[in-house]
Amino acid sequence: MSDKTIAAAIVVDSSEVKEEILKKYPAKIARKRAKQIIVNKVEGDEQVPEIMSNTRTIPGILTMRGCAYAGCKGVVLGPTRDILQITHGPIGCGFYSWLTRRNQTRPKTETSPNYMPYAMSTDMQEEEIIFGGEKKLRKAIEEAIGLFHPKAIGIFSTCPVGLIGDDVHSVARDMEAKYPDVNIFAFSCEGYKGVSQSAGHHIANNKVFTDVVGQLDTSKGGAFRLNILGEYNIGGDAFEIERIIHECGFILHSTFSGNSEYDEFASAHTADLNVVMCHRSINYMADMMEKKYGIPWFKVNFISAQATAKSLRRMAAYFNDEGLMNTVEQVIAREMAEVEKVREEVKSRCEGKIAMLFVGGSRAHHYQELFTEIGMETVSAGYEFAHRDDYEGRKVIPKIVVDADTRNIEELTIEPDETRYNPRKDETEVDRLLREGIRLSGYEGMMPEMKDGTLIIDDLNHHEAEVLIKKYKPAVFCAGIKEKYVIQKSGVPLKQLHSYDYSGPYAGFRGAINFYREIDRLVNSKVFSFAKAPWQESPELAGRYGWSK
Ligand code: CFM
């Protein structure tokens, strides 16, 4: 960003806001939170202050985070339509992870398998908790094969599975021996496995890499073949990205894992490039595919029109083909003409307004550019569960202290494949790309792109959100369903950036237009200012038992 300080119109001092937040806490907690709440300052070579992240939430604090099971089953594998997924655990885990993320899919034909409308679970009861649940899991697999005969089955462990010691991996092996044409694999993604859903992402990446990728050597053929990693088709984002990519002339081999199929994962190693959309959830896969198969990766962003255009140009520059670059320019010019018509109009009504973004591990960064395009400024942002590299850039990875919680998740040692390792770019090509601004295996992080004086907060909670609203009075607050109604009762509109409030897509060019229009409607509506929260009218809630007289 060229202008490195926040607009003069924003007179709030972020250090004062930080103090105000901390003074509510006991001394020990305040000391820890002080390391997780940072006033941003970008110095030479994109140096930013260190932020503490990916550590345990302090007990008693109402966190926005989810669990490792959610990160594995819901996030990484959830959007895959033809891997039949069985939740091994009590029914609630399966039920509450059933399509709530709004990941969409479009089977290739009417008869192609799609298991996403089903929630399959072993429905553990007290009996299994006491005597073990392996027998029930075997039965569930038998039943699923009998009904659907899928190509692949994924088994997802919930907390009690780890606590009672069910060996899901040996069940998977036995059942695969019995049904050799079904690829059956299990995930030790018990909810408590990490400090957040981030642990589940890593567990999912490891298993999909060892048990699925590389199982099929059939390529889709043609030039400019790539995979998109970390795009989950929330609200139809992947459909819009696919449309653009196809029109530009790239061949999209697979997407991990929005609108995807098992065979595409299994043969993903035949593509020549991996572009990474959500760094947090899938950077492990990108690294492992590079080490084993020689496929380079770089970071892209399809959120915002400018970011989409920049990402497409980089993808074309990677393949270094004049015809491809021309087509990409034509597509950008045509799409931008449509975008500009709406952007200009919306900008005139939104300019100078303030946004705040507190979302998982990518979107708090990705969506800032969309707001910038309509003249809005992000004064505070943070992730629920990202790591220091998502905040400060991958250059800090060697300095990250590996604690016991991180050590709990297996780090695979990957060697080049004996026959299939094929480095796609030599040193001259890597140099050329660097000169063109494409840093392979790089991600600069969110903080270097935010202005000085902005407030960065990791693992935000309700108390802190209330202080932010009181102090900055934002025009819009972006977060999720757990935050939505508390914020709106405070008179500030909340835009859900997880589920998109049942709307979308927001990716690509058409998605940007959707987003501009919705933000325009939200920040220029007076309705929220009429809201009166119950606790403002009557701070003490009184109640009595329903059965008492
Ligand atoms: Fe990646 Fe995601 Fe996100 Fe994420 Fe998520 Fe999500 Fe998210 Mo909700 S994979 S880190 S674990 S971009 S479900 S599609 S919106 S918290 S910012």
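In listed order, ligands and their atoms are each counted from 1. In what follows, every heavy atom counts, from backbone to side chain, and hydrogens, waters and symmetry copies are set aside.
- Interface atoms of ligand 1 facing H201, defined by a heavy-atom separation under 4.0 Å, are 11 (S).
- With a heavy-atom cut-off of 4.0 Å, M277 does not touch ligand 1 at all.
- Ranking the protein heavy atoms by distance from atom 4 (Fe) of ligand 1 puts F385 CZ, 3.9 Å first.
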Begin from the C-alpha positions of I203 and I409 and carry the test side-chain contact (heavy atoms from CB on, under 4.5 Å) through to its verdict.
CA-CA 7 Å; I203 293 163; I409 317 294; 4.0 Å; yes
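- For atom 7 (Fe) of ligand 1, the nearest protein heavy atom (residue, atom name, distance) is H498 ND1, 3.7 Å.
- One finds the CG atom of L226 at 10.5 Å from the CZ atom of F224 (value rounded to the nearest 0.5 Å).
- For H279, the heavy-atom gap to ligand 1 stays at 4.0 angstrom or more.
- Of all protein heavy atoms, the one closest to atom 1 (Fe) of ligand 1 is C278 SG, 2.2 Å.
- Regarding atom 6 (Fe) of ligand 1, its nearest protein heavy-atom neighbour is R101 NE, 3.7 Å.
- Ring pair Y500/Y502: centre-to-centre distance not below 6.0 Å.
- Partner of F256 under the ring-ring contact (aromatic ring centres under 6.0 Å, His included) criterion, out of F265, Y232, W297, F209: F265 alone.
- The aromatic ring centroids of F185 and H169 lie 6.0 Å or more from each other.
- Near Y232, meaning under 4.0 Å from any of its heavy atoms, are these atoms of ligand 1: 9 (S).
- Close approach of ligand 1 to S281 is summarised as follows: ligand atoms under 4.0 Å from at least one heavy atom of the residue are 1 (Fe), 9 (S).
- For ligand 1, the atoms sitting less than 4.0 Å from at least one non-hydrogen atom of I234 are 14 (S), numbered in the order shown with element in parentheses.
- Looking only at protein heavy atoms, the nearest one to atom 10 (S) of ligand 1 is G361 N, 3.3 Å.
- Under the 6.0 Å cut-off for aromatic ring centres, Y383 and F358 do not qualify, their centroids lying 6.0 Å or more apart.
- Not less than 6.0 angstrom separates the ring centroid of Y443 from the ring centroid of F298.
- For the residue pair T255/E231, the side-chain donor-acceptor check at 3.5 Å is not satisfied.
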